[in-house]
Amino acid sequence: MSGEVPKASRESRVQLGQMLVIGGIASVLGIVLALLIDWFPVAGSTQAGPIDTLWDVLLIVSVPIFVLVTTIILYSAIRFRMRPGEELMDGPPIHGNTKLEVIWTAIPAVILVALCTYAYVVLVDIEKAQANSMEVRVVGEQFTWTFFYPGEGDEELASPQLYLPAETAVNFTIQSKDVIHDFFVPAFRMKVDAVPGIDTHLRVTTTDRLDEYPVVCAELCGLGHSTMRQTAHVVSQEDYDAWFEELSSGEAAGGAGGGDSETAASTDGKELFASAAQPTACGSCHTLADAGTTGTTGPNLDEVVPDRDEAQLRQSITEPDAEVAEGFSPGLMPRYGESLSEEQVDALVDYLTEVSGK
Ligand code: CUA
C-alpha cells in the first residue's frame, strides 16, 4: 500500500496542472471575448468614461474566476466520473484542508474589498457637485417623462423633450407621480429610480458631442413601460438658448419643444398620433386603422371614437381618467393636457374624428 501513495500524489499533481493550464487558456479567451463585445451605446457624458473603465476592470477580474470555477467543475465531472464497475466504490475520505480554506476565503475577500473600494471611488468622483450646474426637474408618470426647466421667478417651464446644452453640468431632480419608474439615459450611463414621495438626484455633464440619445424608463412600471421613451437632445449653447427662448415665449406651447425637432411642435394630428419621438406614441396603446397601429392596451379608437363628440374626445386626451372605457384600467394613460398645447389637442381630435372607423 505504501508504494501507492507517491504514485497517486504524482497523478493528482498532473491533474491539477492540466486544470490550471486549461483554466488559464480559457480565462484569456474569456477576457478577450468579453472586452471585444461592444456593451454600451456611444458615450454622451463625462461620467461615461470612468464607468466604462470600471466595467472593463470588473470583466477582467470576474471572467477568469468564472472560467476557472467552470473549468474545474467540468474537468472534475469528466475526469472523475463513475465508470462501469465502480457503482459501489467510494472516493477517499477527505477531512478538510485548513490551508486551502484560508486561501479560498482570503483571496475572494481581498478581491471584493478592492473592487468595492474602486467602485465607490468612481461613484463619488462622478457624482461630485459641479460649479454652475443647471437644474432640471424630471417627473415620471405612467407612461411618460416631463422635464421642467426653471423659468422666471418661481415659474417652471415644462417640456416633453429633454434639451441640454453641450459641455454643461446638469443636476437632475427626479420625481414620480404614481409608481416607481427609473430615469435612464444609456448614453449618459447614469440612472436612478423615480420614487413617489421622494426626490432622487442625478448629476450628468454633457460632452461636446451634439447628438440625440434615447431616454428610457428602466423599471417595470405597468403595461406601457416599454413605451416610456423620449429623446435627450444635446445641442450647442446657441441652439439651446433658441429652444429655451421658444419654450419660455410659449410658442412651443405646453412645452412641446421646437429646436430642430419638427414633430415636437407639430400641430398635424396624424403626425402627433404616430410620432414615437413624442410622448404621444398613441399607437403603442391604441388601434387606429388610418395610422396603421394595432395597440391593445387602450380602447380600439376605430370602435370608440365614432360614438363620442368632440368634447368627450378632448377630455379623453387631456383628462383620460375622468371617464374610462369599460374593461380598461384608469391611471394607464398620461394626461396629455399637461404636455400638449390646446392646438395640438384640437389637431388630434380633428384627426381622430376624421379617420376613425374607416
Ligand atoms: Cu415607467 Cu417603466
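We number each residue from 1, following the sequence as shown. One-based numbering, in listed order, for ligands and for the atoms of each.
Backbone or side-chain N, O or S atoms of Cys217 reach atom 1 (Cu) of ligand 1 at under 2.8 Å. At a threshold of 2.8 Å, atom 1 (Cu) of ligand 1 has a backbone or side-chain N, O or S atom of Met228 nearer than that distance. At a cut-off of 2.8 Å, Asp182 does not coordinate atom 2 (Cu) of ligand 1 through any N, O or S atom.
Between Leu164 and Val136, the closest side-chain pair of non-hydrogen atoms falls below 4.5 Å. Contact annotation: the side chain of Val215 approaches that of Trp145 to within less than 4.5 Å [non-hydrogen atoms, C-beta and beyond].
Atom 2 (Cu) of ligand 1 is closest to atom ND1 of His225 (considering only N, O or S atoms). In His181, the N, O or S atom that comes nearest to atom 1 (Cu) of ligand 1 is ND1. Sorting the N, O or S atoms of Glu219 by how far they are from atom 2 (Cu) of ligand 1 puts O first.
The main-chain N or O of Asp193 is found under 3.5 Å from a side-chain atom of Thr200 such that the two form a donor-acceptor pair.
Using the six-membered ring where Trp is involved, Tyr240 and Trp243 have ring planes that are tilted, between 30° and 60° apart.
Between atom CZ of residue Arg79 and atom CE of residue Met19 there is a gap of 9.0 Å, rounded to the nearest 0.5 Å.
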